[in-house]
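So the structure is just underneath, and the comments pick up after that.
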Number of protein chains: 2
Amino acid sequence: MSESQSVGFKAIRSPNLVDQVADHLTEAIIVGRFTPGERLSEVGLARSLGVSRAPIREAARLLESRGLLVSQPRRGFFVRALDASELEDIFDLRLCLERHAMERLAHACTAETLAALYRQVGVLCDAAASGSESRRIEEDLTFHRMMIEATGNRRLLKNFDDLAHELRLCITLITKTHEDPDSIADCHHLLLDALESGEPARCREAIDYHIGVARDFVVRSVGESRPLARPH
Amino acid sequence: MSESQSVGFKAIRSPNLVDQVADHLTEAIIVGRFTPGERLSEVGLARSLGVSRAPIREAARLLESRGLLVSQPRRGFFVRALDASELEDIFDLRLCLERHAMERLAHACTAETLAALYRQVGVLCDAAASGSESRRIEEDLTFHRMMIEATGNRRLLKNFDDLAHELRLCITLITKTHEDPDSIADCHHLLLDALESGEPARCREAIDYHIGVARDFVVRSVGESRPLARPH
DNA sequence: TCCGGACAAACTGTCGACAGTCGGCAATCG
DNA sequence: CGATTGCCGACTGTCGACAGTTTGTCCGGA
């Protein structure tokens with residue numbers, strides 16, 4: 001986010017221009033450089049990034065499949081604007097995926113994965129203490145991603161990764177959080193304690209509570225701030 | 001599947017060439033016109049479909065996001081070849097999504113949706129009686145799609161639709177089914193009875209059994225036939 | 001003042017072409 | 001005889017350009 005977006009955006013990451021454009025656009029959307037509902041001009045993006053329209057179009061298709069953009073035929077691509085209903089859907093789906101992961105892990109969770117998850121709670125708390133909101137969100141998502149990954153179901157993980165992009169989209173809506181690291185640690189240790197107990201009912205209870213808190217936080221936050229989808 | 005694939009593939013459906021190409025490729029993959037793992041040449045496809053490479057590439061990206069193709073940088077696109085592990089993942093994810101839908105519906109399922117689902121079981125049985133394997137699969141998927149749709153969660157539905165493409169990919173692997181319509185009807189009425197009872201535990205039991213049967217059928221079928229991913 | 005139509009600008013959909021890269025084959029060397 | 005290296009063909013990644021459509025604006029009339 002410190003590099004300029006007009007000339008060259010670090011060209012040494014992937015040999016694939018499409019992925020670079022996709023990463024760049026993703027970041028721009030998440031940090032709010034584009035307003036929700038904004039129309040993205042292909043030629044404008046191509047000019048500002050110094051590339052042709054073809055990579056732009058393919059990257060846009062990629063981001064559309066991830067739910068960050070929506071396309072209208074003959075109109076172009078627009079930054080996805082979430083309304084309250086979609087917000088509910090997203091967190092409901094997250095609950096669906098994570099419940100499943102918790103249940104799978106309740107039956108079979110190795111000591112190593114549990115230890116790794118405990119460590120991740122540590123780095124999450126560090127991130128929260130650092131005051132960087134984006135870092136905190138990212139480490140939080142990493143924790144949950146590790147849980148999904150521990151199930152060994154890569155298809156499930158792919159769905160979670162896609163959903164994570166939309167969850168990041170939510171952070172452009174919330175105002176401020178400044179939660180203290182201790183409560184964050186408690187909140188996540190609750191999940192790990194449930195997993196360690198191996199009781200499915202307790203696991204389910206824990207994840208329901210955890211995601212319910214997150215959902216309430218987001219919907220309350222957007223309720224206080226501006227309306228989600230403002231008319232152009 | 002009766003029209004030629006060399007010249008023009010019915011040009012009067014969508015004004016969007018990309019969608020037409022995507023539909024065409026999807027069908028070609030599902031009916032097994034391409035073998036799993038086969039490399040798709042962009043120029044070859046463009047020539048045989050009579051279009052440029054740009055729509056081919058964008059359609060391929062779309063199908064990649066749906067899990068029908070996989071891309072290797074500088075190598076091109078390949079038809080997704082499912083191994084046994086991925087098969088397990090797919091059905092596990094399906095269980096995840098449908099369990100969630102069943103639970104949501106157990107609490108609130110209107111009489112209309114129940115009636116619509118009963119009707120769909122009827123058309124599913126008709127399709128099974130007709131002897132057309134592809135029709136039976138399609139109507140079966142429609143039934144489950146309607147269940148998901150009844151939850152009102154469109155994000156959940158999108159995930160199911162994506163997964164449905166991979167489920168269709170599975171039918172290229174199975175040998176033969178010739179299940180009789182009666183058992184199919186019983187199998188689905190079990191789900192609806194559970195929904196009507198409103199008992200979550202019974203709903204969960206029913207969907208677990210239902211999907212377990214489908215999964216066992218597929219993995220057994222592929223075990224009997226050829227190996228899934230043959231080495232090039 | 002307001003509404004309708006026509007014109008112009010901008011944009012998307014699609015195409016053909018060029019350059020860089022990868023895989024396969026053959027000739028050469030140890 | 002086997003391994004290596006150079007070359008050739010094919011293909012993907014990317015680009016600029018043209019055509020059709022949408023959008024915004026301006027002008028005329030009621």
Side-chain angles (χ1 to χ4, degrees), chain A residues 5-25 28-29 34-35 37-65 68-81 230-232, chain B residues 6-25 28 34-35 37-65 68-81 230-232:
Chain A
Q5 75 270 24
S6 61
V7 52
F9 68 100
K10 54 178 78 173
I12 31 83
R13 202 192 304 185
S14 165
N16 199 338
L17 249 190
V18 175
D19 291 340
Q20 294 181 49
V21 172
D23 289 349
H24 183 82
L25 288 183
I29 292 172
F34 299 130
T35 61
E38 179 177 349
R39 178 178 183 172
L40 296 187
S41 162
E42 294 179 8
V43 285
L45 288 175
R47 200 162 309 175
S48 74
L49 293 178
V51 299
S52 158
R53 276 177 54 218
I56 301 284
R57 286 178 63 90
E58 296 189 21
R61 291 237 170 234
L62 192 62
L63 267 61
E64 183 190 12
S65 77
L68 292 181
L69 297 179
V70 291
S71 77
Q72 293 183 20
R74 294 276 175 197
R75 294 283 321 276
F77 291 91
F78 299 79
V79 177
R80 172 98 174 272
R230 59 187 190 187
H232 185 54
Chain B
S6 61
V7 50
F9 69 100
K10 54 178 79 171
I12 31 82
R13 204 194 300 187
S14 166
N16 199 341
L17 248 191
V18 175
D19 291 340
Q20 294 181 48
V21 172
D23 289 349
H24 182 82
L25 288 183
F34 300 131
T35 61
E38 179 177 349
R39 177 178 181 173
L40 297 186
S41 162
E42 294 179 7
V43 284
L45 288 175
R47 200 163 307 175
S48 73
L49 293 178
V51 300
S52 155
R53 275 177 54 215
I56 300 283
R57 286 178 64 90
E58 296 189 21
R61 290 237 171 234
L62 191 61
L63 266 62
E64 183 190 11
S65 78
L68 292 182
L69 297 178
V70 291
S71 76
Q72 294 184 19
R74 293 278 175 196
R75 292 287 321 277
F77 291 91
F78 299 78
V79 178
R80 171 100 173 271
R230 59 185 187 190
H232 185 56

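Every chain is numbered from 1 and lettered A, B, ... according to where its sequence line falls, protein lines coming before strand lines. Side chains are part of it too, since the values below use all heavy atoms of this structure and drop only hydrogens, waters and symmetry mates.
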Whole-Å distance separating the [atom1] atom of [X] from the [atom2] atom of [N]:
| X | N | atom1 | atom2 | value |
| --- | --- | --- | --- | --- |
| A/Leu17 | C/dG20 | CG | P | 14 Å |
| B/Arg53 | C/dC18 | CZ | C1' | 11 Å |
| A/Arg47 | D/dA17 | CZ | P | 12 Å |
| A/Asp19 | D/dT12 | CG | P | 17 Å |
| B/Gln72 | D/dA10 | CD | P | 21 Å |
| A/Phe78 | C/dT12 | CZ | C1' | 11 Å |
| B/Ile56 | D/dC11 | CD1 | P | 14 Å |
| A/Glu42 | C/dC11 | CD | P | 10 Å |

Who pairs with B/Arg53 by salt bridge (Lys or Arg N to Asp or Glu O under 4.0 Å), at least two apart in sequence or on another chain?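 B/Arg53 satisfies salt bridge (Lys or Arg N to Asp or Glu O under 4.0 Å) with B/Glu42 once adjacent residues are dropped.
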
Hey, what do you get for [atom1] ([X]) to [atom2] ([Y]), rounding to the nearest 0.5 Å?
| X | Y | atom1 | atom2 | value |
| --- | --- | --- | --- | --- |
| B/Leu25 | B/Leu49 | CG | CG | 6.5 Å |
| B/Arg47 | B/Ser41 | CZ | OG | 8.0 Å |
| B/Leu69 | B/Arg61 | CG | CZ | 11.5 Å |

So does A/Asn16 get a side-chain nitrogen or oxygen closer than 4.0 Å to the phosphate oxygens (OP1/OP2) of D/dT12?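 For D/dT12, OP1/OP2 do not have a side-chain N/O of A/Asn16 under 4.0 Å.
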
Would you say B/Arg75 places a side-chain N or O within less than 4.0 Å of OP1 or OP2 belonging to C/dC22?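 No, outside the criterion.
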
Which nucleotide in the list [options] gets nearest to the side chain of [X]?
| X | options | result |
| --- | --- | --- |
| B/Arg74 | D/dT14, C/dT12, D/dG13 | D/dG13 |
| A/Val43 | C/dT21, C/dC11, C/dT14 | C/dC11 |
| A/Ser52 | D/dG16, C/dG16, C/dG23 | D/dG16 |
| B/Ser41 | D/dT12, D/dT14, C/dG16 | D/dT12 |
| B/Val51 | C/dC15, D/dG16, C/dT14 | C/dC15 |

Assuming nearest nucleotide by heavy-atom distance, tell me which of A/Pro55 and B/Arg39 is located more 5' along DNA chain D.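 Closest to the 5' end, via its nearest nucleotide, is B/Arg39.
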
First encountered from the 5' end of DNA chain C, between A/Gly76 and A/Ala54: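 Comparing both residues, the 5'-ward one is A/Gly76.
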
Report the residues that fulfil side chain to side chain donor-acceptor pair (under 3.5 Å) with A/Ser71, sequence neighbours left out, ordered by chain and then residue number.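 Result, side chain to side chain donor-acceptor pair (under 3.5 Å) vs A/Ser71: A/Glu64.
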
